[in-house]
Amino acid sequence: MDKSLPPDKRADLVIAQMTLGEKIQLVHGTGWGALRPGAPIPPGSNEGAGFVPGIERLGIPGINMADSAVGVRGAAQESRYATLLPSTLGLAASFDPAAAALYGSVIGRELRDQGFNMSIGGGVDLIREPRNGRNFEYAGEDPILAGTMVGQLMKGLQSQQVMGDIKHYAFNDQETGRNVLNVILDQRAMRESDLLAFQIAVKIAQPAGVMCSYNKLNGDYACENDYLLNQVLKKTWGFQGWVLSDWGGTHSTTKAALNGLDQEMPGDQYFGAALEKAVDSREVPEARLNDMVHRILRSMFACGVIDNPPVRTVVDPFRGRDDAQHIAEESIVLLKNDGNILPLNAARLASIALIGSHADAGVLSGGGSAQVDPPGGDAVTQRTGGAQWMHPAWFPSSPLKCIREKATQATVEYDAGTDLAAAARLAKASQVAIVFVNQYMSEGRDAATLSLPNNQDALVSAVTAANPHTIVVIESGGPVSMPWADSVQGILEAWYPGIGGAQALAAILFGDVNPSARLPVTFARTEADLPHPQVPGIDLKPAYRPPPFDVNYTEGLRVGYKWFEAEHKQPLFPFGYGLSYTKFAYSGLHADGNARTVSFNLKNTGKRDGTEVAQVYVTLPSAAGEPFKRLVAWERVPLKAGESKLVTLALDPLYLSIFSSEKDGWELLPGDYSAFAGPLTAPFHIGQ
Ligand code: BGC
């Protein structure tokens with residue numbers, strides 16, 4: 001308990017006092033608990049997704065873990081409140097590391113207030129599969145953007161003296177067959193794609209935990225994969241925290257223990273009595289068990305959960321709502337704005353039709369273990385008792401109400417959009433139509449297609465046919481196709497916008513906020529343009545646990561926009577795309593290979609203040625064999641109308657490098673590079 005000692009020393013002092021039984025107690029959970037109705041709740045559990053009892057005689061508290069990807073899960077059953085933040089994918093669209101830190105701090109604060117000392121959020125798997133049910137929990141398709149944003153998020157979370165986690169390590173990039181599928185990918189492709197995202201996030205956040213995933217990678221389950229856990233995560237990256245299995249993702253005792261798994265969750269099938277026996281018989285050296293325990297204890301000391309344990313208090317819903325709204329305002333992407341239909345002029349509008357997607361009542365949230373419970377019950381169904389698995393849950397942030405508050409001179413009428421003729425009639429009778437469409441996504445299943453479900457494409461078409469002044473607002477888990485994109489005047493991608501979502505949308509629709517977000521993921525025109533036109537395994541039966549199958553990631557490291565560029569395919573909306581109510585001009589791009597900087601002038605040439613997400617992409621010398629750009633740096637640059645600024649961005653050598661499997665390391669190739677910013681290109685050279 002000597003706070004002046006380093007966490008590793010303190011952990012060792014505790015371990016020296018521990019019995020074998022106490023050590024074993026720390027390396028597994030106590031079962032499914034609150035996740036399975038009827039399962040026992042052990043004393044000390046806070047009824048989160050996971051619980052590991054503490055060791056009272058040594059002053060070690062229990063570990064109370066809560067799912068908290070976009071807010072703290074499972075609040076309803078305990079009559080608690082939790083803020084619903086915009087989806088993590090929406091956060092990534094802000095390209096704002098400060099927003100990510102804020103996002104994490106909101107979750108950390110509310111975990112503490114609720115009595116939890118560990119988050120098991122932090123999804124950073126790349127969007128390889130745009131139909132993946134969990135894309136809303138992840139941070140897009142680019143490893144540098146995703147790693148930076150989730151790293152900052154977890155750093156912000158841990159700043160609240162709560163332990164953080166990064167998951168699902170690795171390549172849990174689709175839900176279909178996630179427990180049985182075997183990902184096949186070579187080392188270079190791994191290291192330059194999903195693993196780079198994890199590498200960056202681990203470096204920034206130094207998280208307490210890394211959760212290994214359900215799937216296999218190159219023949220071994222992720223939770224007993226020596227390459228992933230021992231070689232890359234622990235040895236190469238120097239990760240000091242512990243590896244916990246996804247829930248039910250442990251498959252062995254000795255193999256898992258020797259290959260790097262430190263804790264079985266949520267139960268003790270392999271790391272309880274079986275591990276004790278394996279240690280007794282020296283099949284698993286006691287030193288390895290000590291290493292597992294050391295990693296857990298040192299993280300508890302390092303994150304402050306022993307010196308400054310959470311104190312229960314009432315969550316501040318107002319502060320959470322303001323933070324959520326701020327993040328939503330930075331996350332909503334303006335994809336189309338023909339004839340400057342937006343922002344709407346409240347003083348000049350006499351009538352607005354609001355159509356579809358329960359826009360009278362609330363906003364949609366994502367499902368699965370990232371589900372947050374709506375306060376006061378479901379805003380649409382009125383159902384109380386918390387959200388149900390794989391059922392859409394609606395939050396009470398009403399677009400109708402917020403739009404009426406802005407457009408005080410106008411009549412704003414709502415139509416549910418279920419009867420196309422009625423929706424078209426209302427649209428025709430109004431000056432402007434705003435159609436809300438949605439795509440509900442959840443852990444546990446993928447979307448079969450990129451199309452909006454429930455005939456919503458037909459709804460948009462019917463409304464546009466009746467009134468060309470149509471704006472579409474999309475609430476989706478990830479990219480969707482838009483067969484009507486050419487015929488509508490405005491498109492906003494709102495993701496799942498969170499508890500301040502309607503307020504943020506209204507602020508953008510009426511110009512109080514100038515949109516600044518950019519797509520963190522490519523929107524394809526059709527499935528045919530994707531590396532896998534069909535989600536691998538989606539036809540297998542039974543759907544959730546089909547017989548084992550391989551997923552050969554033939555696209556390799558060409559994830560997302562890299563695939564589209566390499567294959568010369570035109571997306572519907574590219575990665576990094578997003579409009580503003582003002583215009584920005586780039587000039588004087590200069591790249592310096594020795595100083596590793598890129599600089600350019602940026603000017604706001606329009607009449608409104610705005611923020612440009614200035615992005616720098618680079619192409620590598622041809623010897624790299626990567627004939628496509630990669631994002632290497634960006635900055636959000638706020639500029640007043642007419643203002644200009646010289647922007648200088650550093651180029652991190654890692655982000656310019658390729659991974660060499662022969663050398664088992666990164667290589668910065670000498671040769672000719674090009675830098676791209678806005679419409680400009682500048683060559684630069686990196687010498688020997
Ligand atoms: C999910 C994890 C989650 C865990 C506990 C699993 O099904 O994959 O993301 O943390 O359940 O709820």
Side-chain angles (χ1 to χ4, degrees), residues 28-37 39 41 45-52 63-77 82 87-89 107 111 116-125 129 132-139 150 153-154 157 162-181 183 194 198 201 207-216 221-223 242-251 261 263-267 269 366-373 386-390 441-446 477 544-545:
H28 64 78
T30 49
W32 289 88
L35 291 184
R36 287 245 168 102
I41 307 287
S45 162
N46 201 29
E47 306 211 14
F51 177 59
V52 179
I63 304 175
N64 268 301
M65 305 175 179
D67 276 312
S68 40
V70 301
V72 184
R73 178 190 185 190
Q77 63 188 1
S87 59
T88 322
L89 188 56
I107 297 174
L111 284 167
F116 291 104
N117 57 9
M118 182 166 186
S119 162
I120 49 170
V124 71
D125 300 79
E129 176 44 75
N132 173 16
R134 301 189 82 169
N135 284 338
F136 75 94
E137 299 181 51
Y138 299 149
V150 175
L153 186 163
M154 268 306 145
L157 186 144
V162 168
M163 292 189 286
D165 163 71
I166 285 179
K167 71 186 184 184
H168 309 86
Y169 188 68
F171 301 99
N172 184 178
D173 298 333
Q174 64 175 60
E175 287 299 281
T176 304
R178 66 176 179 177
N179 295 92
V180 300
L181 67 80
V183 167
D194 297 47
F198 279 95
V210 166
M211 185 193 291
C212 49
S213 56
Y214 285 127
N215 53 286
K216 288 183 178 176
Y221 283 110
C223 290
W242 83 93
V243 176
L244 62 154
S245 75
D246 199 344
W247 269 227
T250 309
H251 296 273
L261 179 68
Q263 189 180 57
E264 176 186 3
M265 290 305 291
Q269 190 182 351
S369 56
Q371 180 71 65
V372 175
D373 292 329
Q388 288 168 292
W389 189 258
M390 282 196 191
M441 297 290 268
S442 168
E443 175 183 346
R445 77 172 162 229
D446 302 318
Y544 189 59
R545 231 179 239 277

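The structure presented is a predicted model; accordingly, all values stated were derived computationally and were not measured. First listed ligand is number 1; within each ligand, the first listed atom is number 1. Worth knowing before you read on, the calculation uses all heavy atoms, side chains too, and leaves out hydrogens, waters and symmetry mates.
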Side chain, backbone, both or neither: which part of Leu35 comes within less than 4.0 Å of ligand 1 when only heavy atoms are counted? side chain

Can you tell me the protein heavy atom closest to atom 11 (O) of ligand 1 and the distance? Asp246 OD1, 3.6 Å

Ile120: numbered ligand 1 atoms lying under 4.0 Å from its heavy atoms: 10 (O)

Cut-off 3.5 Å, side chains only: do Arg178 and His168 have a donor facing an acceptor? no

With a 3.5 Å distance limit and no angle check, can you tell me whether Trp389 reaches the backbone of Gly444 through a side-chain donor-acceptor pair? no

Within a distance under 4.0 Å of any heavy atom of Tyr214, pick out the atoms of ligand 1 and give their elements. 6 (C), 7 (O), 8 (O)

State, to 0.1 Å, how close Ser119 and Ser68 come at their nearest heavy-atom pair, and which atoms those are. OG-OG, 2.9 Å

Just wondering, do Glu47 and Ile41 contact through their side chains at under 4.5 Å, heavy atoms? yes

Selection from Glu443, Glu175, His168, Arg73 by shortest heavy-atom distance to atom 9 (O) of ligand 1: His168

Say whether, by atom type as modelled, one donor and one acceptor occur between the side chain of Asp446 and the main chain of Gln174 under 3.5 angstrom. no

For Arg134, counting its heavy atoms only, list the atoms of ligand 1 lying under 4.0 Å from any of them. 1 (C), 2 (C), 8 (O), 9 (O)

So, is Asp67 polar-close to ligand 1, with some N/O to N/O distance under 3.5 Å? yes

Where the side chain of Asp67 meets the backbone of Arg73, is there a donor-acceptor pair that is under 3.5 Å apart? no

When you look for heavy atoms under 4.0 Å from ligand 1, do you find them on the side chain of Glu137, its backbone, both, or neither? neither

Using a 4.0 Å cut-off to any heavy atom of Met211, which atoms of ligand 1 qualify? 10 (O)

Between Glu175 and Arg445, is there a salt bridge with N-O shorter than 4.0 Å? no

With a 4.0 Å heavy-atom cut-off (strictly under), which part of Arg178 contacts ligand 1: side chain, backbone, both or neither? side chain

Yes or no: does Met265 have any heavy atom under 4.0 Å from an atom of ligand 1? no

Atoms in ligand 1 flagged as close to Lys167, the criterion being non-hydrogen separation under 4.0 Å: 2 (C), 3 (C), 9 (O), 10 (O)

Could you check whether any side-chain N or O of Ser213 sits under 3.5 Å from a backbone N or O of Tyr169, counting only pairs where one atom can act as donor and the other as acceptor? yes

